[in-house]
*Asks:* 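Shown below is the structure under consideration.
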Amino acid sequence: MRYRVGTSEPVFDSEPAARYRHSFRARRARRGGYSPPVPYSAEFKCFAGCDGSWPVTHPIYRCPTCGGLMMVDHDVEALRDRSGAAWIKLFDERYGGTAWPYGSGVWGKREWVMPQIPDEHIVSMGEGQSNLFWAERFGRQLGLPDLWVKLCGNSHTGSFKDLGMTVLVSVVRHAVANGLKVKAVACASTGDTSASLAAYGAAAGLPVVVLLPRGKISTGQLLQPIAHGSLVLGLDTDFDGCMAIIQRLAEEGLVYLANSMNPLRLEGQKTVGIEIVQQFDWQVPDWVIIPGGNLGNASALYCGFRMMADLGVIDRMPRLVVAQAHAANPLYRAWSAGKTSVEPVKAQPTQASAIQIGNPVSAPRAVKALQEMNGIVEEATEQELADVAAEADATGMYTCPHTAVALAAMKKLLARGVIDGSERVVCVSTAHGLKFTEFKAAYHEGRLPGVVSHNANPPMNLPADYGQVVDAIRNHFPD
Ligand SMILES: *Cc1c(COP(=O)(O)O)cnc(C)c1O
Ligand SMILES: [Zn+2]
């Protein structure tokens, strides 16, 4: 849907403007609000293919027949009314524009994301359109000059979670406006989902509850929902323990579930793959490497590529690498053993705290993504992730521990010759490094547990003495 600049009036290519304006006024008069008469639609279906479909505004998180995951199913036939070239043109026209809501990289692709949500219910903070960083110096050091990092952490709350949360919270706002009763929107979180839900919920005026594993998230992440006025419940367990409780709360109907088990999130997150291709002028990279915890994001990435392929925007898939921390690697274990079902493990502590997950809810979705994208699962130890973060930072990045897991996996695959130095590789950076100050400080002060800080760069403290400052500079940069 295109809209007249500065208004919420859609512009149809095929319809005479007068007829359209008439119907717009009629609708507004009848409903007191505006719903775009969109030709596209999406609905909930069972991920495993059982019968039945539900409106996206319906609070349903599991298939009533098989108890499995749900998915959002788009009317792809309807979307074929535009050619691949026409979609590209439309998305390019909107990108970086000022017309609401297209300042958001997610809503700039609204027909592919969540077509039925009218402008007035969209809760957006300009998510997406994040920098695709050419890691030129770091890549050359590694012998991989075509290395890129998609900086999804350059976002309102500092992580990619905003991409999905704008969609989920907008749908909830739309559903509530149409009569759905919601006491609170809630999530279990390793820190970034809660920060994002808290911000978007606060902007929409929706009550928010977050369940956090106490002592297992960064201070910055803990403070975000506190600042946004959420009910913050720090539970004496890990993420998997919080997830079990939140699922029960949702099943009993006490809260609306905002975890990525709810596929509405994945619809927004899938724009990462589309944006990467758009930022390469619609060329497909050879590899995309993404850190995985609950494994929703890896499957969302696939959904974006699938949609581009189905609608004639791309003609091949990149290969997928899901990168896990060795301390929390259930997908790595399963995939390396040739299994397509993932056994839960007890997640051990890792600096990559947002992926310290032993029982990934979206495992079946991620397995499908790996199968469809000729995928690989790789893992990284604490030592590997800590060192690569420091190496990358020293070339100008500011790497969160999860992004470091992806970079470490990439290095290993390059060393083994699985990735060739001539290929184009994109690592997905999932959060901003500034959220993980404790990790950086501990590394450079040489006190990360079980890690030797090979690249520590601690500050030198000196008296305010000119001669000593000169000596320090001369010693550090000898002629
Ligand atoms: C949520 C999160 C992940 C993992 O995403 P999943 O969809 O749970 O696999 C990775 N990195 C960061 C920073 C996150 O916040
Ligand atoms: Zn089912």
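Start at 1 and go down the list; that is how both ligands and their atoms are numbered. In what follows, every heavy atom counts, from backbone to side chain, and hydrogens, waters and symmetry copies are set aside.
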*Asks:* Can you report which non-hydrogen protein atom sits closest to atom 6 (P) of ligand 1, along with the distance?
*Replies:* Leu295 N, 3.5 Å

*Asks:* Could you tell me, atom by atom, which parts of ligand 1 come under 4.0 Å of a heavy atom of Gly293?
*Replies:*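 Matching atoms, with element in brackets: 4 (C), 6 (P), 8 (O), 9 (O).
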
*Asks:* Check whether Tyr398 forms a cation-pi arrangement with Lys440 (NZ or CZ under 6.0 Å from the six-membered ring centre, at most 45° off the ring normal).
*Replies:*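 Cation-pi check for Lys440 and Tyr398: passes.
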
*Asks:* I need the Leu79 CG to Asp310 CG distance, nearest 0.5 Å.
*Replies:*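 Going from CG on Leu79 over to CG on Asp310, the span is 10.0 Å.
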
*Asks:* Which atoms from ligand 1 have a heavy atom of Gly296 less than 4.0 Å away?
*Replies:*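 Heavy-atom distances to Gly296 below 4.0 Å select 6 (P), 7 (O), 9 (O).
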
*Asks:* Have a look at the Zn ion (ligand 2) and estimate, to 10 degrees, the angle subtended by SG (Cys66) and SG (Cys46).
*Replies:*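 If I round to 10°, I get 110°.
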
*Asks:* Of all the non-hydrogen atoms in the protein, which one sits nearest to atom 7 (O) of ligand 1, and at what distance?
*Replies:*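 The closest heavy atom on the protein side is Asn297 N, 2.8 Å.
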
*Asks:* Which option wins on minimum heavy-atom distance to atom 2 (C) of ligand 1: Lys161, Gln221, Lys435?
*Replies:* Lys161

*Asks:* To the nearest 0.5 angstrom, please state how far the OG1 atom of Thr219 sits from the CD atom of Glu438.
*Replies:* 3.5 Å

*Asks:* Quick one: which ligand 1 atoms are inside 4.0 Å of a heavy atom on Asn294?
*Replies:*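 Selected atoms, number and element: 6 (P), 8 (O), 9 (O).
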
*Asks:* Please report which non-hydrogen protein atom sits nearest to atom 5 (O) of ligand 1, along with the residue it belongs to and the distance in Å to one decimal place.
*Replies:*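 Ranked first by proximity to atom 5 (O) of ligand 1 is Phe160 CZ, 3.5 Å.
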
*Asks:* Tell me, which protein residue and heavy-atom name are nearest atom 11 (N) of ligand 1, and how many Å apart are they?
*Replies:*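 Among all protein heavy atoms, the one nearest atom 11 (N) of ligand 1 is Thr430 OG1, 2.7 Å.
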
*Asks:* Under 4.0 Å, counting heavy atoms only: does Gly292 come that close to any atom of ligand 1?
*Replies:* yes

*Asks:* Using a 4.0 Å cutoff against the non-hydrogen atoms of Ile355, which atoms of ligand 1 qualify?
*Replies:* 3 (C), 4 (C), 10 (C)

*Asks:* For Trp87 and Tyr40, take the angle between the two ring planes, folded into 0 to 90°, and tell me which bin it lands in: parallel under 30, tilted 30 to 60, perpendicular over 60.
*Replies:*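 It falls in the tilted class, 30° to 60°.
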
*Asks:* In Å and rounded to the nearest 0.5 Å, what is the CG to CD distance from Asp387 to Glu384?
*Replies:*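 Atom-to-atom, Asp387:CG and Glu384:CD are 9.0 Å apart.
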
*Asks:* Do the rings of Trp112 and Phe91 sit parallel, tilted or perpendicular, given the 30° and 60° boundaries?
*Replies:* perpendicular

*Asks:* Are the side chain of Asn359 and the backbone of Asp240 linked by a donor-acceptor contact shorter than 3.5 Å?
*Replies:* no

*Asks:* Give the numbers and elements of all ligand 1 atoms closer than 4.0 Å to a heavy atom of Asp192.
*Replies:*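 Close to Asp192: 12 (C), 13 (C), 14 (C), 15 (O).
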
*Asks:* Regarding Gln324 and Arg333, do their side chains bring together a donor and an acceptor under 3.5 Å, going by distance alone?
*Replies:*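 Result is no, nothing qualifies.
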
